[in-house]
S.K.: 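Below is one structure. I have some questions about it.
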Amino acid sequence: MLMLAVFHLFFLLVTQASPLDQVLKYIDDHQDDYVKHLKEWVSIQSESGDPLKRDKVIEMVHIAGKAIESLGGSVELTDLGTEELPDGKMIPLPPVVLGELGTDPNKTTVCIYGHIDVQPARIEDGWATDPYVLTERNGKLYGRGASDDKGPVLAWLHAIEAVQALKQELPVNLKFIFEAMEESGSKGLEKILSEKNATYFSNVDYIVISDSGWLSSNPALTYGTRGLCYFLVEVQCAKQDLHSGLYGGVVHEAMTDLIALLDSLVNSTGHILIPDIDEDVVPLTNEEHLLYKTIEFNPEGFKDNIGATRLRHETKEDLLLHRWRFPSLSIHGIEGAFSGPGAKTVIPAKVIGKFSIRLVPDMDPNKVNRQVATYLSQVFAERRSPNKLRITLNNGSKAWVADVTDKQYVAGRRAISRVFGVEAELIRGGGTIPIVRMFQQTMQKSVMMLPIGGAGDAIHSQDESISRDNYINGTKLLAAYLAEISQL
Ligand code: MN
Ligand code: MN
């Protein structure tokens with residue numbers, strides 16, 4: 001009995017002394033420093049969408065570069081040239097931070113992507129506290145960029161710092177790519193990736209991105225996002241707007257045509273009426289369907305949250321499948337239509353309908369574009385309208401999906417169960433994150449999204465936050481991931 005107890009104690013001592021456990025403890029012990037560091041980063045108003053704040057964005061780039069250097073990494077700030085504003089003025093684009101830490105040919109090389117620019121935020125928008133002063137309330141850290149994406153970028157840096165502070169050897173080589181134009185369309189990033197793919201990025205084995213959130217209170221890995229085709233449908237009936245008292249009854253009205261066109265796209269059950277639009281959608285396998293069963297998601301809560309009376313689907317699986325796994329079509333607006341208060345009796349001369357289709361694997365934007373154009377032209381022809389019709393694809397991007405049996409996902413799952421003691425939820429995103437696909441396509445390497453943000457972080461919104469738990473345990477998760485991936 002005593003022997004057993006002694007053995008047990010010995011066993012505990014040995015396991016507690018494991019290098020990763022030391023790192024996790026170190027992270028816990030230093031959490032106040034990490035919060036302070038986030039406060040410094042949040043105070044820089046690096047809004048990439050506001051030309052007047054470009055100097056702040058560039059300041060943020062330099063701060064991030066210095067942070068990598070202080071870990072002993074080498075940093076190159078890659079110039080992206082200039083950006084032309086609508087008034088013709090030219091301003092500099094913020095450089096991309098490329099960092100490198102470790103070049104051991106025997107180690108796996110992980111490339112970490114993150115962004116250090118933020119969405120705009122003003123206290124007048126309805127923030128409870130100054131968006132640029134990180135403020136802790138009830139376990140949450142409020143501030144612009146706290147979750148999207150300064151918190152996660154710092155979590156990576158702190159995870160590495162913790163390993164170094166304990167004089168441990170970094171388990172992997174690291175490449176960093178931190179951009180500062182993500183919230184403004186990642187201007188210039190694709191060019192850098194393809195230019196440096198054969199050189200700087202050539203030894204990268206895995207790309208990991210922490211720039212999204214969990215679906216529930218359970219830690220998650222994101223393995224897919226939908227793509228997007230955004231269309232403009234323009235109908236013109238006259239050279240200027242007309243008075244309905246004078247011309248109503250005699251003109252083929254542009255708006256009537258447009259409403260008919262938009263109404264022909266989707267039926268009341270959400271089924272897209274464009275012929276064969278889903279012919280390339282990868283069939284759902286039983287295995288894949290099973291993944292949906294274990295995900296924690298409350299349909300009632302989801303419905304109540306948005307204030308809808310009834311949704312198109314009732315079960316958890318159906319709702320998630322239709323959010324992530326099947327295409328959907330949404331009508332967004334009509335430009336040129338009268339939309340102010342009052343009762344203006346106008347016949348708009350030209351209206352532009354806007355709708356989009358969320359794409360899933362293996363739908364191709366070019367093919368979808370042809371299908372939409374052919375179908376709408378046919379619907380329009382059947383109306384025998386003399387008006388002018390123009391259909392344009394505003395932008396098209398393919399969906400992204402990763403192989404969840406890939407080593408990187410194994411490492412992510414192990415890291416989650418190690419830090420949180422639960423199984424990872426494997427989730428997808430219904431939205432579109434073009435950079436993920438950009439990375440996968442350019443580098444042809446495995447990409448994983450390893451979020452540390454919570455489900456209710458209100459990114460892009462008022463009172464954005466990250467909980468202290470997510471921030472600190474997220475830092476541990478990233479450290480654990482680096483340890484796990486090095487062993488696969
Ligand atoms: Mn982001
Ligand atoms: Mn964002």
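One-based numbering, in listed order, for ligands and for the atoms of each.
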S.K.: Nearest 10° is fine: what angle sits at the Mn ion (ligand 1) between OD1 from Asp211 and NE2 from His115?
M.R.: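 Asp211 OD1 and His115 NE2 form an angle of 100° at the Mn ion (ligand 1).
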S.K.: Would you verify whether the NZ or CZ of Lys175 falls within 45 degrees of the ring axis of Tyr200 while also being under 6.0 Å from that six-membered ring's centre?
M.R.: yes
S.K.: Between Lys293 and Glu317, is there a side-chain N and carboxylate O pair less than 4.0 Å apart?
M.R.: yes
S.K.: Under 2.8 Å from the Mn ion (ligand 1), is there an N/O/S atom belonging to Asp148?
M.R.: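 Under 2.8 Å: Asp148 contacts the Mn ion (ligand 1) through an N, O or S atom.
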S.K.: Are Arg137 and Tyr142 in a cation-pi contact, defined as NZ or CZ under 6.0 Å from the six-membered ring centre and within 45° of the axis?
M.R.: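 Geometry flag: set, cation within 6.0 Å and 45°.
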S.K.: Suppose we only count N/O/S atoms under 2.8 Å; would Glu183 qualify as near the Mn ion (ligand 1)?
M.R.: no
S.K.: Would you tell me whether Asp469 and Ser467 have side-chain atoms, one donor and one acceptor, within less than 3.5 Å of each other?
M.R.: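 No, no side-chain donor-acceptor contact under 3.5 Å.
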S.K.: Of all N, O or S atoms in His460, identify the one at the shortest distance from the Mn ion (ligand 2).
M.R.: NE2
